[in-house]
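Only heavy atoms go into these numbers, but all of them, side chains included; no hydrogens, no water, no symmetry mates.
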Protein chains: 2
Amino acid sequence: MVQSSVSQRVNRSKRLVSIKDIAKEAGVSVCTVSLVMNNKDHNRVSKAVAQKIRATAKNMGYKPNSVARTLRTSKSNTLGFVTDEIATTPYASKVLEGAQDAASKLGYILLTTNTNNDAELENQEISALLRYNVDGFLYAMMFHRKVDIPEVLEGSPTVVVDSEDAAGRVPSVYPDDELAGYDATDCLIKAGCRRIVYYGSATPIVAQGQRLTGYRRALAEAGIPFDDALVVNVLETTNAAAEAARVFDEIKPDGIFCFNDVRATFIYEAARERRVRIGADVSVISIDNQPFITNVIKPSLTTLELPHYEMGFEAVRQLVAILDGDKAVADLESDRGMAVQRQRDGSKTALRCRIIERDSIVL
Amino acid sequence: MVQSSVSQRVNRSKRLVSIKDIAKEAGVSVCTVSLVMNNKDHNRVSKAVAQKIRATAKNMGYKPNSVARTLRTSKSNTLGFVTDEIATTPYASKVLEGAQDAASKLGYILLTTNTNNDAELENQEISALLRYNVDGFLYAMMFHRKVDIPEVLEGSPTVVVDSEDAAGRVPSVYPDDELAGYDATDCLIKAGCRRIVYYGSATPIVAQGQRLTGYRRALAEAGIPFDDALVVNVLETTNAAAEAARVFDEIKPDGIFCFNDVRATFIYEAARERRVRIGADVSVISIDNQPFITNVIKPSLTTLELPHYEMGFEAVRQLVAILDGDKAVADLESDRGMAVQRQRDGSKTALRCRIIERDSIVL
DNA sequence: CTGAAAGCGCTTACAG
DNA sequence: CTGAAAGCGCTTACAG
């Protein structure tokens, strides 16, 4: 056994000071103490007594027991954070960080659990959280998709993070991929590009469709006709290199909007082989902001950042608004929340992606 | 307010079935039910009664209330997971995933909190977890260092993750950086390298010193004299490129062991400029396994992977062993745990880094 | 083999 | 303004 286990175990028996202890010490009843400790003493307890109670509580180092309070009130100030698979994508765990920050500011803590994309395990884990009386759930996915809310969650306030409830019933917070497609394309247009390739994903995920839609909208607004031949959808594992070659050899665009940073590396490689200078001969923009890519490849890649932190933060804000009412979250401000624009449609909240300007766009 | 908030709020009042309900239904007392539900009925409750209780419990969908049990027993089966700053490093949140998996298998759940490297916030957050009666703590850092355990944690069983308790008192689980340095260097030696550069970190973090030590041990074992001139410590932000150039222009090694993948990209760039072929003219190995680097650069980079998942898993295993005894964790097996070798020294557990072979080493 | 009772720490009507 | 009492759901001696 580990060396220090014994000495550590000893301390476990230490009983914390309770409301009863301070009642005895202050010479009042427990209910008076309770009133005061919950700041419900106004016009119910004399100033002097309240004063004394507060003082002795402080002296004795009183900390309210959340477990007891939960049992009594069946309100735990606790949120279940359920993920399908955390962190297969780097930085996706920023979602958790945002959720934790918001929760902390609102007086909540998070019970987190990972379902490994296993429906049975998911059920078990959620049931476990339920037994701990969590007040609500964050149902967080690894990427933007239409998702079915598990049945066990019915009856518990829930907010979906980085996905949309397929049934359209549960509030959902996710990136505005249409706007990201628009912003990225618009950025190229503003840089003077007129022949813009969308180097997209051949997998029909939500982001692909919406980013393409945004691409088309930006073109339309600029009066540039849409040309199907400029849409090149690829798979990282199969035809990405070949299609990147074709982009330069046949299409010869002046701007390229890549679905993500990884795909952009194929464009970079093809450009290098042809001595096409990105940031000088052709402009490139993409989405994801994986610093290990965007800062490492030359020239550094201009890209849009998915609002991971903000999604977590906003989802908690909405969940607590459901739980405790809008006033409870009124003065909650995200440190970085100002960077995103919300776009609401019923119970859906699409968060704008921030653009990170680097050197891959021709000035 | 969000559309569905009202319908969601309604369900909150739903009371779950309790031990009392099933006692009434089965015509027995609550304590008999309690005994049975906790499988303590052997030789204390008749088989028939136990049978009946189990059946009605199942019928009524009984779920034990963990909050009540915690209040009564002051054992919550709950662990506090405290991080300094989650996920500034991609995949570092694998630590959490490993911890969650182990916790789930051992019947624990995690309360997670983020201190943002703020001592005051850290105190608050830990105090909050204490109020929820967590049985113990994981104190998880973002990278391997000597760390001071906050005072609030005293008295609570704690295991440090990805760092070492500076005082040497609290059990600590971290990567075996010395062995990583040894393994990386040894891998180059086995590939025939004799003139091996250690392209390290100019920041004196724990990993730097230990990897260098491992490098020297491997050299010594192979009978290769250590040459201080082959140690090139750099900073990513300042002299990495210049020093990488010097490695090729002056030192001309046949093998390069890079402190991490990001540094390896400087070596790659310098090699490319000089038309030195990595994987053919010179062998390169590094540490981190950031797939976005290692798989993207050509040739793909052979590298060692930090045991993030395993550290989280192992730390929970040790913590629960302290809490519930060694037998409680006896049949816990990590899905991937077999890939690591533990190296124990008192309360310290160093986990081996797995080597991921790719194409940057000359065959 | 089974039940009555106390109690974990707290909150909340209720009575005075 | 203050206190006695009940109860949240459970477990654990104790008695029979």
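- In this structure, A:R44 reaches the bases: a heavy-atom distance under 4.0 Å links it to at least one base atom across the strands shown.
- Nucleic acid contact for A:T73: sugar-phosphate only, since backbone atoms but no base atoms lie under 4.0 Å from a heavy atom of the residue.
- By the 4.5 Å heavy-atom criterion applied to side chains, B:V67 and B:L71 are not counted as neighbours.
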**From CA spacing to verdict: side-chain hydrogen bond (donor to acceptor under 3.5 Å, both in side chains), A:N77, B:R131** = CA-CA 12 Å; A:N77 275 346; B:R131 268 181 246 128; over 6 Å; no

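- Residues A:Y62 and A:M37 form a side-chain contact, since some pair of their non-hydrogen atoms from C-beta on lies under 4.5 Å apart.
- The stretch residues 55-65 of chain A has no heavy atom under 4.0 Å from DNA chain D, so no residue of it qualifies as close.
- With contacts defined as side-chain heavy-atom distances shorter than 4.5 Å, the pair B:L79/B:L323 qualifies.
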**Request:** Any chance you could encode DNA chain D as dot-bracket? Rule is Watson-Crick or G-U wobble with both distances under 3.5 Å; [ ] for pairs crossing earlier ones, | for another strand.
**Result:** |||.||||||||.|||

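- Residue B:V67 is the one, among B:K40 and B:V67, whose nearest nucleotide of DNA chain D lies closer to the 5' end (criterion: closest heavy atom).
- Taking 4.5 Å as the limit, some side-chain heavy atom of A:N117 sits within range of a side-chain heavy atom of A:D84.
- Between A:D324 and A:K75 a salt bridge is recorded (basic side-chain N to carboxylate O distance below 4.0 Å).
- A heavy-atom distance below 4.5 Å is not found between the side chains of A:V173 and A:D162.
- Between A:Y139 and A:V170 there is no side-chain heavy-atom pair separated by less than 4.5 Å.
- For DNA chain D, the outermost nucleotides in 5' to 3' order that have an atom under 4.0 Å from a heavy atom of chain B are D:dC8 to D:dT12.
- Side-chain contact of B:Y309 with B:D101: a donor-acceptor pair under 3.5 Å is present, judged by distance alone.
- Side-chain contact, B:T113 with A:Q100: no donor N or O sits under 3.5 Å from an acceptor N or O.
- Within 4.0 Å of B:S18, counting heavy atoms only, lie sugar-phosphate atoms of the nucleic acid but no base atom.
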